[in-house]
Amino acid sequence: MARGAAESITNVLQEMKELIVAAQEDNVDTAKIQTDIDNLVNQIDSIVGAAQFNGLNLIDNTNTVDFLASLDRASGGTVTASSISVTGVDLSTTTGSLAAAASIYVTTDAAG
């Protein structure tokens, strides 16, 4: 789920980039573009919130989770478990790595 969500977020960010580039053109409706950008920010938050598997969301927190990687059996019959630790990433637009996306504002002046 996390990989698919990250790919979806990448696609949404590409759409936002295209809108920002379009906003730099003459005679465009920046209010409409701003509305579209705001909707895409909301879409990112929706993707982040929905990226759960068995109640675990690796793109909406920074917790570390251990996953069983293998069970190794020694010649004497003892079994040892090996695990992989994965640290989540907060990709939300409110408090996470993409928080700056929520403050994108296209204006009509060249400096914006």
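Just the heavy atoms: all of them, side chains too, but no hydrogens, waters or symmetry mates, feed the values below.
- The shortest distance between side-chain heavy atoms of Ile47 and Leu91 does not fall below 4.5 Å.
- For Asp45 (side chain) and Ser92 (main-chain N/O), no donor-acceptor pair under 3.5 Å exists by modelled atom type.
- In this structure, Ile84 shares a hydrophobic cluster with Leu56, Leu58, Val65, Phe67, Val86, the cluster being traced through Ile, Leu, Val, Met, Phe, Trp and Tyr side chains under 4.5 angstrom apart.
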Could you walk me through whether Thr87 and Thr64 satisfy the side-chain hydrogen bond (donor to acceptor under 3.5 Å, both in side chains) test, starting with their C-alpha distance in whole Å, then the side-chain angles of each, then the deciding distance to 0.1 Å, before giving a yes or no? CA-CA 4 Å; Thr87 302; Thr64 300; 3.2 Å; yes
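- For the atom pair Ile9 CD1 and Ser97 OG, the distance stands at 10.0 Å (nearest 0.5 Å).
- Nearest approach of Ala101 to Val41, heavy atoms of both residues: O-CG2, 3.4 Å.
- Side-chain contact between Thr30 and Val28 is present, with at least one heavy-atom pair separated by less than 4.5 Å.
- Contacts of Ser75 classified as side-chain contact (heavy atoms from CB on, under 4.5 Å), with partners at least two apart in sequence or in another chain: none.
- Panel note: side chain Ser8, backbone Gly4; a donor-acceptor pair is recorded below 3.5 Å.
- The distance from atom CG of Asp38 to atom CE of Met16, rounded to the nearest 0.5 Å, is 8.5 Å.
- The backbone N or O of Ile104 lies less than 3.5 Å from a partner atom in the side chain of Gln34, making a donor-acceptor pair.
- The backbone N or O of Ala69 lies less than 3.5 Å from no partner atom in the side chain of Ser83, so there is not a single donor-acceptor pair.
- If you take CD1 on Ile20 and CD1 on Ile33, they are separated by 10.0 Å, rounding to the nearest 0.5 Å.
- Between atom CG of residue Leu13 and atom CG of residue Leu40 there is a gap of 9.0 Å, rounded to the nearest 0.5 Å.
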Hey, mind stepping through Ser85 and Asp66 against side-chain hydrogen bond (donor to acceptor under 3.5 Å, both in side chains) and telling me if it holds? CA-CA 4 Å; Ser85 294; Asp66 293 328; 2.4 Å; yes
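- With contacts defined as side-chain heavy-atom distances shorter than 4.5 Å, the pair Asp90/Asn61 does not qualify.
- Panel note: side chain Thr78, backbone Ala74; no donor-acceptor pair is recorded below 3.5 Å.
- Using modelled atom types, no side-chain atom of Asn57 and backbone atom of Phe53 make a donor-acceptor pair closer than 3.5 Å.
- In this structure, OG on Ser82 lies 8.0 Å from CG on Leu68, to the nearest 0.5 angstrom.
- Distance check: Thr35 OG1 to Lys32 NZ gives 7.0 Å after rounding to the nearest 0.5 Å.
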